[in-house]
Asker: 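Mind having a look at this structure? Questions to follow.
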Amino acid sequence: MKKSLIALAFGTLGLGIAEFTMMGILPYVAADLDISIPAAGHFISAYALGVCCGAPILIWARKYPLKHTLLFLMVLMLAGNLCAASAKGYWMLLIGRFISGLPHGAYFGVASIVAGKLVDKEHNAEAVSIMIAGMTVANLFGVPLGTSLSHMLSWRVTFLLVSCWSVVVLYYIWRWVPMVSNLQDTGFKGQFRFLKKPAPWLLLGATALGNGGVFCWYSYINPLLIQVSGFSEGSITALMILAGFGMVIGNLASGKLSDRYTPGRVGTTVQAGICIILLLIFFLSPHPICSAILMTLCTAGLFAVSSPEQVLIIRVAPGGELLGGACVQMAFNLGNAVGAYAGGLAVAEGLRYPAITGVPFAFAGFILFYIFYKKYQSKY
């Protein structure tokens with residue numbers, strides 16, 4: 001495996017810890033800052049808002065070498081997490097979380113293009129999946145570690161850990177990632193020209209709706225596992241590691257399969273599988289073993305569609321590849337937010353109902369992916 005791809009994966013590892021750990025440390029943050037849990041939830045929203053606002057950075061960064069842009073984005077991650085670690089109150093932490101989110105989508109956009117340039121075309125999807133692998137490893141090890149550190153020491157240690165990791169990533173990107181050829185500058189308007197075609201919108205819609213369907217259920221996975229499946233609170237950490245393991249395997253497998261069978265076919269097939277799994281979760285979640293297996297399969301599916309989506313959006317966005325790559329992450333976070341909200345409404349009916357609520361979202365994502373595959377895959 002190329003060291004340069006590992007350096008790119010180090011970056012997504014840090015971003016993944018910064019994004020997802022907040023969900024596990026909310027009670028500690030709320031208690032320390034003397035605010036309510038719903039108010040602490042704003043720190044999750046601030047990160048997502050940063051992701052959406054950070055994508056336009058790439059419009060102005062298009063003239064600079066891709067490696068320099070990656071280094072700048074890592075500096076932003078360092079600054080945001082240092083601000084969060086030293087926050088003395090609500091507003092400072094909110095600003096820190098917003099800054100931390102700014103490089104997220106932009107990094108994925110740039111790193112996807114760099115990863116593709118580091119390998120031959122036949123291994124393009126696999127290279128992108130290796131880059132994304134850092135995000136899955138963050139869920140496998142980083143998030144449980146951050147949550148444990150917050151419990152034993154302080155939630156500030158988690159953000160300090162990400163800050164230190166940012167320095168490590170800066171070094172390895174500088175040392176291991178070569179200067180690759182820059183993209184052709186199509187001008188300011190040229191960055192948006194790809195959005196005039198239907199293919200990118202089909203992919204972005206499939207991303208938002210497909211991920212929204214999964215997050216209807218996944219946002220409330222802990223109470224479902226405890227109150228419906230009957231697991232003890234002490235077993236949740238192990239179950240979350242199992243879910244992270246599913247993400248790692250799903251992501252890496254889809255990268256290899258996409259190079260062999262085309263990203264459109266893999267993405268469409270996986271999205272169809274997610275619809276079925278969510279339906280099965282609704283009916284079988286009271287059975288512990290079934291619930292654990294289905295959880296692992298669903299999280300595997302969640303990241304098995306990530307590589308195809310990231311690869312395809314770059315292919316359908318000629319002249320606006322940087323912005324296109326970042327837009328996928330914007331759609332992903334939009335789907336997370338909408339899915340969590342819809343799942344929250346369904347919780348009133350019972351903790352199994354967020355899963356069934358996610359089925360129409362996931363099915364709509366499948367339809368959009370299927371239309372893309374039938375009409376456009378052969379062109380890309």
Side-chain angles (χ1 to χ4, degrees), residues 1-22 24-25 28-29 43 46-47 50-51 53-55 57-58 61 64-88 92-115 118 130-150 152-180 244 326 329:
M1 187 184 298
K2 290 179 177 287
K3 292 192 294 185
S4 49
L5 292 177
I6 296 174
L8 296 177
F10 282 172
T12 58
L13 172 60
L15 291 167
I17 297 174
E19 179 180 19
F20 291 110
T21 300
M22 178 55 77
I25 66 175
Y28 308 113
V29 175
F43 303 132
Y47 188 96
V51 174
C53 293
I57 292 174
L58 298 179
Y64 297 96
L66 296 174
K67 180 175 179 177
H68 292 177
T69 303
L70 287 173
L71 292 171
F72 170 73
L73 293 172
M74 285 299 99
V75 170
L76 270 182
M77 185 169 85
L78 171 61
N81 284 283
L82 279 177
C83 182
S86 59
K88 300 301 181 183
M92 188 174 177
L93 182 53
L94 198 72
I95 293 170
R97 290 292 292 167
F98 175 78
I99 296 173
S100 299
L102 286 174
H104 187 110
Y107 182 89
F108 272 85
V110 179
S112 296
I113 294 169
V114 172
L118 293 173
I130 292 171
M131 180 274 295
I132 294 175
M135 181 69 72
T136 63
V137 173
N139 281 277
L140 179 60
F141 296 116
V143 173
L145 173 62
T147 304
S148 298
L149 288 174
S150 298
M152 294 186 294
L153 301 172
S154 168
W155 58 269
R156 299 177 189 277
V157 176
T158 302
F159 294 120
L160 190 60
L161 174 67
V162 180
S163 301
C164 295
W165 186 249
S166 302
V167 177
V168 174
V169 178
L170 271 168
Y171 172 76
Y172 282 115
I173 288 179
W174 169 74
R175 184 74 182 271
W176 287 352
V177 177
M179 295 292 290
V180 296
Q329 294 303 311

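Counting from 1, the numbers follow the sequence of the chain as shown.
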Asker: Is the shortest side-chain heavy-atom distance between I17 and F141 below 4.5 Å?
Answerer: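 No - every pair of side-chain heavy atoms lies 4.5 Å or more apart.
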Asker: Any side-chain heavy atom of N81 sitting closer than 4.5 Å to one from M77?
Answerer: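 Yes, side chains in contact.
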Asker: Give the ring-plane orientation class for W176 versus F10, where under 30° counts as parallel, over 60° as perpendicular and anything between as tilted.
Answerer: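 Tilted.
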Asker: Could you state the interatomic distance from CG (L73) to OG (S166), rounded to the nearest 0.5 Å?
Answerer: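 With rounding to 0.5 Å, CG (L73) is 11.5 Å from OG (S166).
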Asker: May I ask you to test the Y28-R156 pair for a side-chain heavy-atom distance under 4.5 Å?
Answerer: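 They are not in side-chain contact.
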Asker: May I ask you to test the L13-V169 pair for a side-chain heavy-atom distance under 4.5 Å?
Answerer: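 SC-SC contact between L13 and V169 ruled out.
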Asker: So how far is it from L93 CG to C83 SG, rounded to the nearest 0.5 Å?
Answerer: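 The SG atom of C83 is 8.0 Å from CG of L93, to the nearest 0.5 Å.
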Asker: Quick check for you: to the nearest 0.5 Å, what is the distance between Y47 atom OH and L102 atom CG?
Answerer: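 These two atoms lie 9.5 Å from each other.
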Asker: Please check: side-chain N/O of K67 versus main-chain N/O of W174, any donor-acceptor pairing under 3.5 Å?
Answerer: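 Looks like yes, one N/O pair under 3.5 Å.
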Asker: Would W155 and T21 satisfy side chain to side chain contact (heavy atoms under 4.5 Å, CB included), going step by step from the backbone distance to the final call?
Answerer: CA-CA 10 Å; W155 58 269; T21 300; over 6 Å; no
Asker: Could you check whether any side-chain heavy atom of P178 comes within less than 4.5 Å of a side-chain heavy atom of L118, counting everything from C-beta outward?
Answerer: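 The answer is yes, as the side chains (C-beta and beyond) meet within the 4.5 Å cut-off.
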Asker: Which atoms form the tightest heavy-atom contact between G105 and V51, and what is the distance?
Answerer: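 For G105 and V51, the tightest heavy-atom pair comes out as N-CG1, 4.0 Å.
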Asker: Measure from the ring center of F72 to the ring center of H68 and say whether it is less than 6.0 Å.
Answerer: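 Not close enough - the centres of the two rings lie 6.0 Å or further apart.
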Asker: Show the nearest heavy-atom pair for residues G80 and I99, with the distance to one decimal.
Answerer: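 Nearest heavy atoms, G80 then I99: CA-CG2, 3.6 Å.
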Asker: Supply the atom-to-atom distance T158 OG1 to L145 CG, rounded to the nearest 0.5 angstrom.
Answerer: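 If we round to the nearest 0.5 Å, T158:OG1 and L145:CG are 7.5 Å apart.
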Asker: Using the side chain to side chain contact (heavy atoms under 4.5 Å, CB included) rule, take F159 and R97 through it: C-alpha gap first, then chi angles, then the decisive distance, then the call.
Answerer: CA-CA 10 Å; F159 294 120; R97 290 292 292 167; 3.6 Å; yes
Asker: Check whether any side-chain heavy atom of Y107 lies under 4.5 Å from a side-chain heavy atom of Q329, and answer yes or no.
Answerer: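 When only atoms from C-beta onward are counted, Q329 and Y107 do not touch, as no gap falls below 4.5 Å.
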Asker: Which atom pair, heavy atoms only, marks the closest approach of T12 to M135?
Answerer: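 Of all heavy-atom pairs spanning T12 and M135, the closest is OG1-N, 3.4 Å.
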Asker: What heavy-atom pair brings M131 and S112 nearest, and what distance separates the two atoms?
Answerer: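 Residues M131 and S112, closest heavy atoms: CE-OG, 3.2 Å.
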Asker: So which atom in G54 and which in A106 form the shortest heavy-atom distance, rounded to 0.1 Å?
Answerer: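 Taking G54 first and A106 second, the nearest heavy atoms are O-CB, 4.0 Å.
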Asker: Does any part of the side chain of Y172, heavy atoms only, come nearer than 4.5 Å to the side chain of K3, both counted from C-beta?
Answerer: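 Counting from C-beta outward, K3 and Y172 never come under 4.5 Å.
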Asker: Got C164 and V167 here, is their nearest side-chain heavy-atom distance under 4.5 Å?
Answerer: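 A side-chain contact under 4.5 Å is absent here.
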